Structure formats: C-alpha cells, structure tokens
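If you're wondering where the values come from, they're calculated on a predicted model, not measured in any experiment. Proteins get letters first, then strands, A, B, ... in listed order; numbering begins at 1 in each.
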Amino acid sequence: MTDDYLATSMRDVMCAAVTEAHVGQRVSVCGWVARRREHGEKLAFLDVRDRTGLIQAVVDGTVDVRAEYVIRLTGTVTRRPEGTRNERLATGSVELSDCAVEVLAPAEPPPFPLDGRVEVDEAVRLRYRYLDLRRDGVAANLRLRARVNGALRRAMDAQGFCEVETPLLWAPTPEGSREFVIPARLHPGEFFVLPQSPQIAKQLLMVGGFDRYYQLARCLRDEDLRADRQFEFTQLDIEASFVTQDDVMGFVSRAVLDAAEVATGVRPTSIDTMTWAEALDRYGTDKPDLRYEMTLHDLSREFETSSLRAFSAPTVKALRVPGGGEFSRAALDGLTETAKALGAGGLAWFRVTADGLDSPLARHLSADEAAAIRAVDGGAAPGDLILAVADEYVVACRVLGALRVAVASMPVGAGPHRYVWVTEFPLFEGFGDDGHPLAAHHPFTMPHPDDLANLESSPLTVRSQAYDLVLNGWELGSGSVRVHRADIQSRIFRVLGISDEDAQSRFGFMLGAFSYGAPPHAGFAVGVDRLVAIFAGEENIREVIAFPKTQSGSDLMTGAPKSLTARQLAELRLTFAPKGQ
RNA sequence: GGACCUGUGGUGCAGCUCGGAGUGCACGCCGCCCUGUCAAGGCGGAGGUCGCGGGUUCAAAUCCCGUCAGGUCCGCCA
C-alpha cells in the first residue's frame with residue numbers, strides 16, 4: 001500500500017514512509033520535532049515525527065529548534081553509513097541529509113513527556129488532551145475506532161441497511177434514564193432533551209417504511225459515570241421490519257464479527273447463546289464472562305436439612321476456585337466483605353486439603369455435607385478453594401457471580417474474546433414504589449409468546465423477546481422484538497400502571513403513528529466505545545474517546561460545565577433556586 | 001447519596017508505619033562542552049503553598065478532622 005496520496009503542497013511523503021526506494025531523492029516532510037541530539041557546532045540529529053512515525057534528519061551545524069516545534073524539513077534521502085542503522089526504527093536504514101529546516105511554529109516544552117515511556121496522571125493527560133493525542137496510545141485507539149466504524153458501516157450496507165440520522169433535540173419522555181435538558185429560547189419555560197438513545201425515532205422509521213435502518217448514533221444519559229460509561233457514547237443502532245429475533249441477532253453478529261476481524265485480524269469462530277435464566281444460574285450474572293469456567297453449583301438439596309445456621313436459606317450455591325487454597329486469610333476476608341456489601345449475610349469458604357476441609361465451618365459439617373462440598377464442580381482437588389453463599393436464589397447467584405469475577409480478576413481485553421448472546425430476559429424486574437412491576441428493558445418490548453397469557457397473573461415470570469450481546473463479561477448491547485400490536489401494548493401499559501392518559505401524554509405521537517400500520521419490527525444497539533475498548537485492550541472507554549469527561553462529569557480541558565452569563569440566562573428566562581432547596 | 005485508593009519542583013517515583021531543616025532518585029527544562037547519535041554523552045544550574053483549610057505538638061509532607069481534585073466500585077444507568 002502506498003502513502004503517496006498523503007502528499008500535499010507542503011510535503012512529499014510521510015515520515016515513516018521514507019524507504020531505501022527513495023534514496024537519492026530530495027523530499028520534504030512535515031511534522032513535530034520528537035528529539036534533538038546535538039554533537040557540537042558541526043553536527044546534529046533531528047527526529048521528525050508525524051502520525052506515521054519517525055525519520056531521522058542529519059543537520060550540519062546547529063539548528064534552532066526544540067522538542068515539539070512544528071517544522072517542514074527538506075532533505076536528500078540517504079542510506080545510513082554502515083554501523084549507524086537503527087533496527088528499532090522502521091526508517092532506521094535511511095536518513096535525510098543536507099537538510100533545510102523551516103520552522104512552521106515554535107512550541108513551549110510540553111507539560112508531560114510525549115514519548116509514551118512513562119505513565120502520566122490521567123488528570124494531566126485530560127487537561128492537555130490535544131498533546132496526549134500526539135502520543136501512541138490514544139491516537140492508535142482512535143485510528144482503530146475509525147477502522148471499526150468503517151467495518152460496521154460496510155457490514156450494515158452490505159446487509160441492505162440504510163443509514164438515517166435522527167434528531168438530537170427531542171421531546172422529554174419521562175421514563176428510564178435521566179435526560180440532558182436543553183432550554184428552548186423560542187419557547188420560554190419549555191425544553192428539549194437530548195436522546196438517551198434513538199429508540200422511538202427508529203421505531204417511527206419502521207412505520208415510515210425504512211425496513212432496515214442503522215446509525216452510528218450518539219446517545220446521551222445524565223447518569224453517574226463509570227469506567228465503561230460516559231455521558232455521551234456511541235451505539236451502532238439498528239432496527240428492521242418483518243424480522244424475528246434470530247434475524248436481528250444475525251445482522252448484529254455479522255457486523256460485530258466483521259469489526260472483530262478488522263480490529264484483531266482474526267474472525268471469531270462463533271457466538272454462544274444462552275438464556276438469561278441459565279446465565280444467572282451458572283454464572284450469577286446477565287453478562288457472563290465465558291473466558292474461564294468456575295460455574296456456580298447448587299447445593300440447596302444437600303443442605304436442605306442442615307443444622308448449620310449459616311446454610312439455612314432457600315438456596316445454597318457454591319463455586320470451586322482451582323488453586324484457590326493459596327488465598328490468604330486477608331484475601332478471604334476481603335471476599336467476605338465483598339459478599340456482604342453485595343447483600344449476602346456472609347461467605348463460607350473451604351480450603352481443600354489432603355486431609356479434608358480447612359474452614360471455620362469445617363467442624364460443624366456432617367460427613368455428607370463435607371462430601372457435598374468436596375464434590376462441587378466435578379470434585380475438588382487439594383489446593384482448591386470452595387466458596388459458598390446461602391441466601392435467596394437471586395442473591396446467592398449474584399453474589400457468587402460477583403465473587404467469580406473478582407477471583408478471576410481478568411482484564412477485559414485479555415485472552416480469547418468470548419461472545420455470547422443472552423436471550424429470554426424477563427419482561428419485568430421487581431416492583432416499583434407504586435406496586436406495579438418495572439419494565440426491564442423498555443415498555444415496547446414484546447413478551448415471549450409462550451408467556452403472554454401470564455402477563456397479568458404473574459408478570460415477574462413473563463419472559464421477553466429481549467436479548468443482550470456480551471463480550472468477556474461486558475454488556476456490548478441489547479435489543480428486543482418490539483410490540484407493534486395496540487392490544488398487547490395496552491395490556492403492558494396497564495400492568496406497568498401507565499394509564500391511557502399517561503401513555504398518550506408520554507408516547508402519544510408514537511401510539512398515533514402505530515395506529516397507521518406498524519410493521520412487526522425488532523432492533524438492537526451495540527456499544528461502540530466498549531467494543532473498541534476491548535479490541536484495544538483497554539479497561540476504560542476514556543482511552544478510546546478523543547475528549548472524554550472525568551468520572552465526576554467534568555471536562556478538564558475546557559472546564560465544562562460552566563456557568564452562563566446573566567445575559568444568557570435572561571435570554572433563556574432561567575433563574576435558579578437558592579442552594580439547598 | 002455512600003465506600004475505598006491516590007495527591008510531594010514540569011513529569012514519574014521514594015520519603016509518611018515510628019513527627020525532628022524541602023531530604024533523595026530518574027526524566028524533562030536552562031547554560032556550557034562535544035563530528036554518527038538514535039531514551040546520545042559530559043559538566044554546571046534553576047525549579048517546591050509536600051492539593052487546600054483547620055487541629056494536636058516545642059516541632060507536621062508524616063498524626064487527627066474537614067474539604068477539593070483524579071480514579072475504582074455500590075446506588076443510579078427503562
């Protein structure tokens with residue numbers, strides 16, 4: 001592949017593209033001074049850097065440039081003298097000699113080293129993000145991200161999808177995540193919101209006949225930040241008509257596997273599938289990390305009649321940690337604290353030894369119970385550790401699932417990439433303060449056809465046609481088959497406690513649209529930031545975002561958010577309540 | 001709203017347990033020297049509100065309380 005097309009009026013070739021094929025040619029390069037090595041008044045070396053890499057220039061005499069000066073350098077490509085080649089540099093066999101240096105812009109010394117050899121405090125990097133972008137790490141991640149975006153777009157195009165942009169200024173729909181609010185200057189006292197996702201817009205596109213829509217959509221949610229959550233993030237947003245759940249999973253699988261191939265050079269062979277119930281039961285989470293085993297095992301029957309108070313609970317779940325006998329008492333205390341923090345009454349642990357079980361509970365176990373502990377997960381070997389939690393079923397599963405992840409302690413990008421579809425999520429999760437069940441996904445999610453009859457009688461047992469895609473324990477995205485029939489939608493609203501008037505005021509335009517012929521449709525959204533972070537081997541999506549916010553939601557570079565002038569506030573007719581109200 | 005970790009010249013760290021002069025290391029910066037380096041090398045120099053405020057003490061980077069900032073997590077994220 002040639003980089004010649006990157007030549008401009010100012011430069012002939014990119015720095016790292018200078019090769020022995022250019023020897024004898026007089027060329028110009030443009031870039032930043034990466035380093036200067038002076039050898040007295042007669043000789044100096046400059047490393048010139050652009051986004052492709054470095055080229056060394058030899059300067060006869062002194063040259064008045066410092067690190068990070070922007071220069072245009074014209075020189076003759078020369079084969080380096082014998083013994084002075086640099087194997088570690090792509091351009092290490094050549095150099096530019098007989099150089100003319102033109103300073104395009106001088107530069108202050110940078111506030112932190114740009115050569116990537118030292119870890120720099122992230123607050124400093126974020127304050128000077130434009131300098132951080134000159135370094136290899138984030139720059140390479142952003143280029144990877146661009147390639148992933150390209151692969152996703154090509155995959156969707158190839159599958160007949162049409163890219164449509166949807167509004168950023170949208171109507172408030174109080175439900176779900178907190179929305180960013182935009183005052184409407186032309187309508188004092190009224191507000192737009194920024195969409196937490198294009199969910200409703202894309203369903204309206206289905207009514208509009210765009211039977212295959214996609215978009216790399218920016219989504220905005222005014223919720224607290226995490227390593228894998230920013231206020232604004234990007235989704236590959238997909239919706240299609242006349243399709244089933246399997247069709248959508250097929251579309252998404254192709255796009256994600258294409259992106260994986262582009263990003264990693266290897267196409268994953270397959271994506272596993274399991275139900276939500278199975279994920280909870282075996283892995284204690286709805287986003288199982290399949291890179292390691294350590295599944296959860298049920299000991300409820302074995303301890304049903306146990307005299308042990310610690311195990312008198314509806315469910316007893318256990319986990320075998322191979323080699324976990326090495327864990328120190330302090331480490332086990334830490335796991336116990338984690339278990340308690342997650343809502344368990346405590347954590348039972350058993351070190352498996354040649355003689356038996358080493359545990360504070362060991363002497364209280366019956367022979368059968370001890371045998372049951374040792375038989376967990378196909379049988380424990382000396383040196384293994386067994387962790388057990390007794391509680392309500394869901395608590396026992398979730399706590400042990402969290403311990404499983406904590407014990408494995410595996411970076412998200414490490415090892416093989418294990419994709420898994422998790423299907424048949426419950427339609428509702430728990431009850432709200434008003435006594436009505438809460439929608440697990442969103443209120444337009446289609447119930448599982450086999451469970452439709454139980455919608456009113458036992459809503460919490462109703463499965464939905466909602467599905468997640470999980471990679472290495474991170475939720476990559478979720479989707480569902482949507483409700484397109486007014487009768488089912490009414491029943492769901494009723495169960496949720498949303499009155500007809502409520503439904504009309506919140507989603508009236510949508511329900512109206514659906515009355516004019518809504519096709520059966522379903523969709524999905526893939527979190528691009530997370531996907532790229534895993535491809536890049538990063539634990540934090542800030543590393544794949546050009547200008548991210550801190551965890552407290554501020555931008556250290558611009559200082560945002562900031563207050564407005566009194567004049568701006570007056571124009572928006574905004575005043576503020578006194579602090580503390 | 002809550003828990004935990006971190007904060008020391010521009011950068012990265014050590015010093016903090018067990019209080020005793022802003023002590024140390026590496027990089028960078030400034031000056032001088034140096035004709036084949038490539039993380040160049042040699043010599044010299046400058047650079048500090050130990051995040052901020054309060055307390056304890058004869059004495060605080062060090063102990064205590066509060067606070068701010070950054071991070072990880074819980075809550076939150078239909």
Go ahead and name the base partner of B:G9; Watson-Crick or wobble counts if both distances stay under 3.5 Å, otherwise write none.
none
Mind checking A:Pro81 for me? I need base, sugar-phosphate or nothing, with any heavy atom below 4.0 Å counting as a touch.
base
Atom CG of A:Asp468 and atom C1' of B:C77 are separated, to the nearest Å, by 13 Å
What's A:Ala439 touching, base or sugar-phosphate or nothing? Going by heavy atoms closer than 4.0 Å.
sugar-phosphate
Over how many whole Å does the gap from A:Leu225 atom CG to B:C76 atom C1' extend?
11 Å
Whole-Å distance separating the CZ atom of A:Arg36 from the P atom of B:G41:
14 Å
Using atom types as modelled, flag every donor-acceptor pair under 3.5 Å from a side chain in residues 505-512 of chain A to any protein atom, sequence neighbours excluded.
unit_1	atom_1	unit_2	atom_2	d
A:Ser505	OG	A:Asp502	O	3.0
A:Arg506	NH1	A:Glu175	OE1	2.4

Quick test of your reading of the model: are A:Glu68 and A:Arg49 salt-bridged, counting only N-O distances below 4.0 Å?
yes
Take the protein atom CD of A:Glu223 and the nucleotide atom P of B:G1, then report the distance between them rounded to whole Å.
14 Å
Please list residues of residues 537-559 of chain A whose heavy atoms come under 4.0 Å from any atom in RNA chain B, ordered by number; otherwise none.
A:Asn540, A:Arg542, A:Thr550, A:Gln551, A:Ser552, A:Ser554, A:Leu556
Sequence neighbours excluded and cut-off under 3.5 Å, please list the side-chain donor-acceptor pairs for residues 428-440 of chain A, or say none.
unit_1	atom_1	unit_2	atom_2	d
A:Asp434	OD1	A:His436	N	3.0
A:His436	ND1	A:Val495	O	3.2

Both distances under 3.5 Å, Watson-Crick or G-U wobble: report the partner of B:C32, or none.
B:G42
Keeping the roles fixed (side chain from A:Arg80, backbone from A:Val94), state whether a donor-acceptor pair exists under 3.5 Å.
yes
With both distances kept under 3.5 Å, what pairs with B:G75, Watson-Crick or G-U wobble?
none
Phosphate-side-chain proximity, A:Arg226 and B:C74, N/O vs OP1/OP2 below 4.0 Å
yes
Please report the distance separating the P of B:U8 from the corresponding atom of B:A46, rounded so that it comes out in whole Å.
23 Å
Among all residues two or more places apart in sequence or in another chain, which pass the ring pair (Phe, Tyr, Trp, His ring centres under 6.0 Å) test with A:Phe45?
A:His39
In a check of side-chain hydrogen bond (donor to acceptor under 3.5 Å, both in side chains) between A:Gln203 and each of A:His484, A:Glu239, A:Arg482, A:His521, which one passes?
A:His521
Hey, does A:Ala44 reach any base, or is it just sugar-phosphate, or nothing, if we go heavy atoms under 4.0 Å?
nothing
Starting the side chain at C-beta, find the nucleotide from B:G12, B:C77, B:U11 nearest to A:Asp121.
B:G12
If we take the C1' atom in both B:G22 and B:A60, what is their distance in whole Å?
13 Å
Would a distance-only check, ignoring hydrogens and angles, find a side-chain to backbone donor-acceptor pair under 3.5 Å from A:Arg125 to A:Val120?
no
Among A:Thr76, A:Thr74, A:Leu73, which one satisfies side-chain contact (heavy atoms from CB on, under 4.5 Å) with A:Leu96?
A:Leu73
Polar side-chain atom of A:Arg221 near backbone of A:Gln196 as donor-acceptor pair, under 3.5 Å:
yes
Would you say A:Glu38's side chain and A:Thr62's backbone share a donor-acceptor pair under 3.5 angstrom?
no
Per A:Phe45 side chain, nearest of listed nucleotides B:U11, B:G75, B:G36
B:G36
Which value, in whole Å, describes the distance between the C1' atoms of nucleotides B:G44 and B:G7?
33 Å
Give me the residues of residues 86-95 of chain A where at least one heavy atom lies under 4.0 Å from an atom of RNA chain B, by number, or none.
A:Asn86, A:Arg88, A:Glu95
Base, sugar-phosphate, or nothing for A:Arg229, non-hydrogen atoms under 4.0 angstrom?
base
Of the listed B:C77, B:C76, B:G36, the closest approach to the A:Arg221 side chain comes from B:C77
Does any N or O in the side chain of A:Ser554 come within less than 3.5 Å of the main-chain N or O of A:Leu556, such that one atom is a donor and the other an acceptor?
no
Can you work out whether A:Asp47 or A:Pro113 has the more 5'-proximal nearest nucleotide on RNA chain B?
A:Pro113
Round to the nearest Å and state the distance from A:Leu43 atom CG to B:C33 atom C1'.
15 Å
Indicate, with a heavy-atom threshold strictly under 4.0 Å, whether A:Glu38 touches base, sugar-phosphate, or nothing.
base
Can you check the distance between B:C63 and B:U56, where both ends of the measurement are the C1' atom (answer in whole Å)?
8 Å
Grab the CZ-C1' distance between A:Phe425 and B:C77 for me, whole Å please.
14 Å
Interatomic distance at C1', B:G9 relative to B:G1, whole Å:
38 Å
For B:A61, which nucleotide in any strand shown is its Watson-Crick or wobble partner with both distances under 3.5 Å?
none
Let me know the distance between CZ of A:Arg80 and C1' of B:U37, rounded to the nearest Å.
9 Å
Is there a donor-acceptor contact under 3.5 Å from the side chain of A:Asp391 to the main chain of A:Ala344?
no
Considering only atom C1', compute the distance from B:C50 to B:G42 and round it to an integer number of Å.
33 Å
Closest nucleotide of RNA chain B for A:Ala123 versus for A:Arg530: which of these residues is on the 5' side?
A:Ala123
Rounded to whole angstroms, how far apart are CZ on A:Phe112 and C1' on B:C29?
16 Å
Checking A:Arg229 side chain against A:Asp224 main chain: does a donor-acceptor pair fall under 3.5 Å?
yes
From B:C38, B:G36, B:C73, nucleotide with atom closest to A:His39 side chain
B:G36
State the pairing partner of B:U67; accept Watson-Crick or G-U wobble contacts with both distances under 3.5 Å, and report none otherwise.
B:G51
For A:Lys287, is there an ion pair with A:Glu475 - N to carboxylate O distance below 4.0 angstrom?
no
Within residues 54-77 of chain A: residues closer than 4.0 Å to RNA chain B (heavy atoms):
A:Gln56, A:Arg66
Please determine whether a side-chain nitrogen of the Lys or Arg among A:Asp487 and A:Arg491 lies less than 4.0 Å from a carboxylate oxygen of the Asp or Glu.
no
Would you measure the distance from the C1' atom in B:U17 across to the matching atom in B:A61 and give it in whole Å?
14 Å
Roughly how many Å apart are B:G36 and B:U72, using the P atom of each and rounding to a whole number?
48 Å
